[in-house]
**Q** 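Handing you this structure, nothing more for now.
All values derive from a computational prediction rather than experimental measurement. In listed order, ligands and their atoms are each counted from 1.
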Amino acid sequence: MATTNLSIYNKENLPNAGAYRFGIVVSDWNSEVTHNLHKGAVDTLHDLGAKNSEIDSIFVPGSVELVYAATKLCKKKIYDAIIVIGCVIRGETAHFDYVCKTVTDGVTYLNTHMETPVVFCVLTDDHVQQSLDRSGGKLGNKGVEAGVVAVRMAELKNK
Ligand SMILES: Nc1c(NC[C@H](O)[C@H](O)[C@H](O)CO)[nH]c(=O)[nH]c1=O
Ligand SMILES: CC(=O)[C@@H](O)COP(=O)(O)O
């Protein structure tokens with residue numbers, strides 16, 4: 001098992017987020033997972049000094065729609081980092097592969113063509129238990145990880 005606990009960070013080694021503005025796009029598909037990821041990200045941004053007034057969250061139907069919404073936020077040019085949050089769980093068909101590919105390709109495009117870093121917090125799991133373990137379960141919360149990454153990338157964007 002490659003994953004270690006995803007929620008451990010040392011504030012002393014991280015920048016203060018008080019000067020930064022964040023956008024978060026959340027997929028409602030598998031919301032019992034994605035909304036926990038969202039809470040983890042928001043709580044972490046707060047813990048690292050982000051003001052609640054500087055955190056904008058929007059919700060979309062599924063992970064495929066994350067890219068459209070993140071693109072709109074990038075074009076506003078008001079955010080220091082954007083986090084996309086989703087949970088894709090494999091079913092019986094190849095649809096899983098296409099959903100994952102469109103999201104990863106879309107986020108990669110944004111990170112190579114826009115000015116705002118987009119943090120990838122999309123679980124791509126074979127079973128729902130894997131998702132539950134990584135969204136506040138025994139393996140921590142990838143939303144916390146995304147919050148830490150967003151603050152570090154916001155600092156990089158402003159250097
Ligand atoms: N099966 C999952 C989906 N499917 C829906 C797509 O994301 C999209 O909303 C639809 O294809 C219409 O464009 N989405 C997830 O986020 N997770 C899944 O497991
Ligand atoms: C990731 C998906 O879209 C998946 O939930 C769809 O399930 P199925 O492949 O059984 O239609």
**Q** Which residue and atom name correspond to the protein heavy atom nearest atom 10 (O) of ligand 2, and how close is it?
**A**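 Protein heavy atom with the smallest distance to atom 10 (O) of ligand 2: Glu92 N, 2.7 Å.
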
**Q** Does this structure show an ion pair linking Arg21 with Asp80, if we count only N-O contacts that are shorter than 4.0 Å?
**A**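 Between Asp80 and Arg21 there is no salt bridge, as every charged N stays at least 4.0 Å from the carboxylate O atoms.
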
**Q** In the protein, which heavy atom is nearest to atom 7 (O) of ligand 2, and how far is it?
**A**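 Answer, as residue, atom name and distance: Gly91 CA, 3.6 Å.
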
**Q** Do we see a donor-acceptor contact under 3.5 Å between the side chains of Tyr20 and Asn158?
**A**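 No, because no side-chain N or O of Tyr20 sits under 3.5 Å from a partner of the opposite role on Asn158.
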
**Q** Begin from the C-alpha positions of Val67 and Thr102 and carry the test side-chain contact (heavy atoms from CB on, under 4.5 Å) through to its verdict.
**A** CA-CA 8 Å; Val67 176; Thr102 193; 5.8 Å; no

**Q** Is Glu145 salt-bridged to Lys142, cutoff N-O under 4.0 Å?
**A**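 So Glu145 pairs with Lys142 through a salt bridge.
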
**Q** Any side-chain donor-acceptor pair under 3.5 Å between Ser135 and Asn141?
**A**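 No.
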
**Q** Got the closest protein heavy atom to atom 2 (C) of ligand 2, with its distance?
**A**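 Residue, atom and distance for the closest contact: His95 ND1, 3.5 Å.
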
**Q** Going by the atom numbers of ligand 2, which of them fall below 4.0 Å from some non-hydrogen atom of Phe96?
**A**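 Selected atoms, number and element: 1 (C).
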
**Q** Looking just at side-chain N and O atoms, do Asp133 and Gln129 make a donor-acceptor pair shorter than 3.5 Å?
**A**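 Yes, Gln129 and Asp133 have a side-chain donor paired with an acceptor closer than 3.5 Å.
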
**Q** Rounded to the nearest 0.5 Å, what's the gap from CD on Gln130 to CD1 on Ile89? Could you check?
**A**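 Taking CD in Gln130 and CD1 in Ile89, the distance rounds to 9.0 Å.
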
**Q** Nearest non-hydrogen contact with atom 9 (O) of ligand 2 belongs to which option: Val88, Ile89, Thr93, Thr124?
**A**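 It is Thr93 that holds the nearest heavy atom.
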
**Q** Between Lys11 and Asp47, is there a side-chain N and carboxylate O pair less than 4.0 Å apart?
**A**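 Salt bridge flag = yes for Asp47 with Lys11.
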
**Q** List, pair by pair, the atoms of ligand 1 and of the protein that are both N or O and lie under 3.5 Å apart, giving the separation rounded to 0.1 Å.
**A**
from: ligand 1; atom 1: 7 (O); to: Ser63; atom 2: N; distance (Å): 3.1
from: ligand 1; atom 1: 7 (O); to: Val64; atom 2: N; distance (Å): 3.2
from: ligand 1; atom 1: 9 (O); to: Glu65; atom 2: OE1; distance (Å): 2.7
from: ligand 1; atom 1: 13 (O); to: Glu65; atom 2: OE2; distance (Å): 2.6
from: ligand 1; atom 1: 16 (O); to: Ser63; atom 2: N; distance (Å): 2.9
from: ligand 1; atom 1: 16 (O); to: Ser63; atom 2: OG; distance (Å): 2.7
from: ligand 1; atom 1: 17 (N); to: Cys87; atom 2: O; distance (Å): 2.8
from: ligand 1; atom 1: 19 (O); to: Asn30; atom 2: ND2; distance (Å): 3.4
from: ligand 1; atom 1: 19 (O); to: Ile89; atom 2: N; distance (Å): 3.1

